[in-house]
Structure formats: C-alpha cells, structure tokens
Amino acid sequence: MSAIALIDANHFYVACERVFDPHLERRPVVVLSNNDGCVVARSPEAKALGIPIGAPWFRCRELARRHGVVARSSNYALYGDLSARLMAVLGQFSPRQEVYSIDECFLDLAGMDHDPTAYGQAMRQRVHQWLGLPVCVGIGPTKTLAKLANRLAKQEPDWDGVCALGAPALADPLARLDVATVWGIGPRWAARLRALGIETARDLRAADPKTLRRRFGVTMERIVWELRGVAGLELAEMAPPQHQIIASRSFGRPVSDLTELQSAMAQHVARAAEKLRRQRSHARLVQAFVGLDRFPSPAPTAGLLRLPAPTGDTARLTAAAGRLVAALYRPGAAYRRAGVMLLELTPVARAQETLWEPADDDRTAARLAVLDRINARWGRGTLRLAREGFAQPWAMRQDCRSPAYTTRWADLPVARAG
DNA sequence: TCTGGGGTCCTAGGACCC
DNA sequence: TCTGGGGTCCTAGGACCC
C-alpha cells in the first residue's frame, strides 16, 4: 500500500522571521517580494486583516499602518538556511524524500507500519522543537492526494495540523474542497471545469478521465487518476539538472546609464553562472534582456548570442551578455529591470569529451572552483569581476530586512542574561 | 514614487524531409 | 476530376507550480 506525506511550513517566510524575533509572535506580519514590491507571505493575523497575497505593497501600506502590521523585506539568506535545516529534520522520517520547494517536501512512507496520523504528529513536534517552525502534514496514497490532505490539515483546526486520508475521520473529505484547490488546477482550468459542473475535488475525481483528456489534455487526465489513488507522478529524489537558468531583477530606481546597466547585468550573470556550475553544467546560448517598465510589463527586448563552445566561465558569459546589452541599449531610455538566461545547457562531463568543442581548460576550471569556494565561505560577491562595480546605485530596495542571523557571523543574535 | 523571480510540461502548427 | 502519408524538429503560446 503506497503512502506519501507532504509536509510544508505555514507562512514560512513569516515563521522564519519569528524564529529570531519573538516580538513578531501573535502580531500581523507580512514579508515583501524583492524591491519591497508585493506581499508574498502573511501571518494569519495579517491575513485576517484582509491583506491579499500578491498585493502591491504601496496599496496595503495605509491599512497596514493603521493596524500596526510589521513588514519585512525578503531575507533569502535566512529562509534558505532554515529551509535546509527543515529538510534535514524531515529527512529523518523516511529514506526517500523529494524536496519540492523552499518550504515543502514529499516523504515516501510506503511499507512503514506507523499509525500515519501519529507519525505526522511526531514530525510536527520535532520540527517545532528543533527549529521553531510550524508545519502541516498531509498523507495520502498519491502525491496529489497528499497535497489535498495537507490542504485539509490547514483548513480544519481540530485536526491539529495532520490529515491522513483514509482515516475514518470523514465520509468524503474531498467534497469539502473546491476544485481550484487541487494541485495542478489553476484559475483558468477551474473556471472551465465549473462550466462543466465540476465544482469540488470529489466531482473531479468522479469525472470521466477520457473525456477530460480530450478537452484538457493528458495533464488533466493524470490528475483525475491521481485523485482516484492511481499514481501518475513519481517521487523525484534527485533533482534533475535544470534546462535553463535565469537571473534577473528589477532596479531600485530607473537606470539610463550604460555602465550601470552593464554592471547590473554582470551581477546577474555571476549569479546565473554560479548556479550553472553548481549543477555541473556548461551553457552554449546566452540571452540578455532589458525591460523598460515594470507594469504593465511589456515584452522585454532581448538578444541572443551562441558561444563558440559551451562554458561555465563567468568571464566569458559576462563578455557575451555585455555585448548583447550594448546592442540593446538606447541612450535616454529608462530601464527598470535586466536579466540573463543561460540556455543549451550540457553536463560538464560530456563537454570534456567533445574534442571539437573544447570546454573550459583545466586552469579556468581550477580558477572557477576557487572563486566558488571563496564566495561560499565569505559571502556572494566577495570575489567578483570589476565590471560588477561597487556602488550599485540601482540595487533593489530592501528597506526592512532582518539580519542574516544564521549565515553571517556579525549578525549572530546575542542573548543577554538578567 | 510604489506591481517579484524563478521554473516545468504540453500542444498545435509550420517547415522540411522522404 | 484530381490534391498521399508519415516522420522529425522547432517554436510559440498556454497552462501550471512555488
């Protein structure tokens, strides 16, 4: 009998902020996206005030001020570090784990004879005790059902954060869930399903898979089978390498100067190249893009450059992106964002075997390894190309960021006795 | 003044080939 | 009057996820 658990943290970013700042407990708290643009996480208290997720911050500001809402800028150094610890703790509960996002993972519980609900409670308690993070646990025979169970665990306060489908709690819990809450059903599909009279997760489970396949495609059919307990989605323990790597940011203020645009682009390339090397890939195709306005976002103008050989070298990638930026740049234009995409990625191992497309030579590879080690040890950007610059007047706004409590010595919290 | 930043998969249609 | 049948590759667009 297959059993899969989906564990995720409640309002994860807010919870991370609260771990190191207990004053935030029981207060309405929101965390903002990059550039302090939108609300991306809310505490239950902030949710109760009616602050929508994804709402532009400048529109909620007045409401937030009246109710004493605390706003924090995104602190990904902190969230990333706590995420790694969360996954390590949860990984103790099963030999097979799929890390699905920064705050959730699947665990394979097949063949375990624990009582599922009690096991889920044990996970919750250990995470709470060791990390101070609140999590919910959903358990079901397929990933889609585990996701739904997790949803129910959040929705029904009496269940204490754990829901195992199949337990004799309710006749048919799927009837309580709107079809839009099913994993893989977005707003478009939900509207089309409702037009067909399919309103709840139970309705969708009862629908004819072949008919839905004809109307929506194979993805929808798979969802119906998953709801019936027939697995169509495997647990992916090893994340396959990405097919494309993007790094982009909005600027804190408009940028009109080519040198500034170049230095921003160089920084994006440095981040993208770091990711590229971490997954042991090389890139052959570089796309650089610049955007004139954030909203309503017009298609950014972009340029493509195919390199003579795949590379993982920040310097070569930066030179390529720099040439593209120079070609895209129009004097007098006010740019709001810039970014880079690395495409046609190939594993490093294979690149080395291809004689007529020489990969980075050994000296380059060694130099890049040192670069990555230094930056991992001392912080991103410690060692960088001069083109990235130092002043960075275009940097994104982060007016209320908490310290990097767990990843920077200087930010270590201090406890005082008495 | 003020609206994020990543990713994936599927499908349809066109170009091109034999 | 008549207008094949497959196959592959690529691209754009749509839908979804966090």
| said: Nearest whole Å is fine: how far is C/dC18 C1' from A/R151 CZ? | reply: 14 Å

| said: Within the 4.0 Å heavy-atom criterion, would you say A/D36 contacts the bases, only the backbone, or no part of the nucleic acid? | reply: nothing

| query | From C/dC18, B/dT8, C/dC16, pick the nucleotide closest to the side chain of A/W183? | reply | C/dC18

| task | Take the protein atom CZ of A/R192 and the nucleotide atom P of C/dC16, then report the distance between them rounded to whole Å. | result | 9 Å

| field | Under-4.0 Å side-chain N/O to phosphate OP1/OP2 contact, A/K147 with C/dC16 | value | no

| message | I'd like to know if the side chain of A/S43 reaches the main chain of A/V29, judged simply by a donor and an acceptor atom lying under 3.5 Å from each other, with no hydrogens or angles considered. | response | yes

| message | Using a heavy-atom cut-off of 4.0 Å across all strands, would you classify A/Q244 as base, sugar-phosphate, or nothing? | response | base

| query | Does a side-chain N-to-carboxylate-O contact under 4.0 Å join A/D372 and A/R278? | reply | no

| task | Can you figure out which of B/dG4, B/dC2, C/dC18 approaches the side chain of A/S101 most closely? | result | C/dC18

| query | Taking the six-membered ring for Trp, are A/Y405 and A/F20 parallel (under 30°), tilted (30 to 60°) or perpendicular (over 60°)? | reply | parallel

| remark: Whole-Å distance, A/M396 CE to B/dT1 P, equals 23 Å

| note | Per atom distances to the A/Y100 side chain, the nearest of C/dC18, B/dG5, B/dT8 is C/dC18

| said: Between A/S250 and B/dG5, is there a contact of a side-chain N or O with OP1 or OP2 at under 4.0 Å? | reply: yes

| said: Does A/R222 qualify as a cation-pi partner of A/W225, given the criterion of NZ or CZ under 6.0 Å from the six-membered ring centre and within 45 degrees of its axis? | reply: no

| Nearest-Å distance for atom pair CD/C1', residues A/E62 and B/dC2 | 14 Å

| To the nearest angstrom, how far is A/W189 atom CH2 from C/dC17 atom C1'? | 12 Å

| Of A/R124, A/K154, A/K147, which meets salt bridge (Lys or Arg N to Asp or Glu O under 4.0 Å) against A/D8? | A/K154

| task | Please work out if A/R59 contacts a base, only the sugar-phosphate, or nothing of the nucleic acid, heavy-atom cut-off 4.0 Å. | result | base

| task | Using a strict 4.0 Å threshold on nitrogen-to-oxygen distance, state whether A/E274 and A/R271 make a salt bridge. | result | no

| message | Let's go through A/S94 and A/Q97 carefully: what are the C-alpha distance in whole Å and the side-chain angles of both, what is the deciding distance for side-chain contact (heavy atoms from CB on, under 4.5 Å) to 0.1 Å, and is it a yes or a no? | response | CA-CA 7 Å; A/S94 167; A/Q97 177 184 38; 6.0 Å; no

| query | Should the pair A/E260-A/R253 be classified as a salt bridge under the 4.0 Å nitrogen-to-oxygen rule? | reply | yes

| Got a salt bridge between A/E234 and A/K143, using NZ or NE/NH1/NH2 to carboxylate O under 4.0 Å? | no

| query | Is A/K275 near enough to B/dG7 that one of its side-chain N or O atoms lies under 4.0 angstrom from OP1 or OP2? | reply | yes

| said: Using a 4.0 Å heavy-atom cut-off, does A/I245 contact any base of the nucleic acid, only the sugar-phosphate backbone, or nothing at all? | reply: sugar-phosphate

| message | What's the closest nucleotide to the side chain of A/E104 if the choices are C/dC18, B/dT8, C/dC16? | response | C/dC18

| remark: Where DNA chain B forms runs of at least three Watson-Crick or G-U pairs (i with j, i+1 with j-1, under 3.5 Å), the stems are B:5-18 with C:5-18

| Which atom pair, heavy atoms only, marks the closest approach of A/A77 to A/T407? | CB-OG1, 3.7 Å

| message | If I take atom CZ in residue A/F251 and atom P in nucleotide B/dC2, what distance separates them, rounded to the nearest angstrom? | response | 15 Å

| request: Classify the nucleic acid contact of A/P187 as base, sugar-phosphate or nothing, counting any heavy atom under 4.0 Å across all strands shown. | output: sugar-phosphate

Check nucleotides 10-15 of chain B against the protein and report each pair of N or O atoms closer than 3.5 Å, with its distance, or say if there are none.
residue : atom : partner : partner atom : Å
B/dT11  : OP1  : A/V218  : N            : 3.3

| field | Stacked cation flag A/R72 on A/Y13, 6.0 angstrom / 45 deg | value | no

| field | Side-chain ion pair, A/D313 and A/R316, N-O less than 4.0 Å | value | no

| When you match A/F58 and A/I246 each to their closest nucleotide on DNA chain B, which lands nearer the 5' end? | A/F58

| request: For nucleotides B/dC17 and C/dG4, find the distance between their C1' atoms and express it as a whole number of Å. | output: 14 Å

| B/dC2 P sits how many Å from A/Q398 CD, rounded? | 18 Å

| query | Once you round it to whole Å, what is the distance between C1' of B/dC2 and CG of A/L32? | reply | 11 Å

| said: So if I take residues 64-87 of chain A and measure heavy-atom distances to DNA chain C, which residues fall below 4.0 Å? | reply: none

| query | Touch check for A/I102, heavy atoms < 4.0 angstrom, all strands: base, sugar-phosphate only, or nothing? | reply | nothing

| request: For A/A55, report the nucleic acid contact type (base, sugar-phosphate, nothing); a contact means any heavy atom under 4.0 Å. | output: nothing

| message | Taking A/D208 first and then A/R213, would you say they form a salt bridge - that is, a charged N and a carboxylate O separated by under 4.0 Å? | response | no

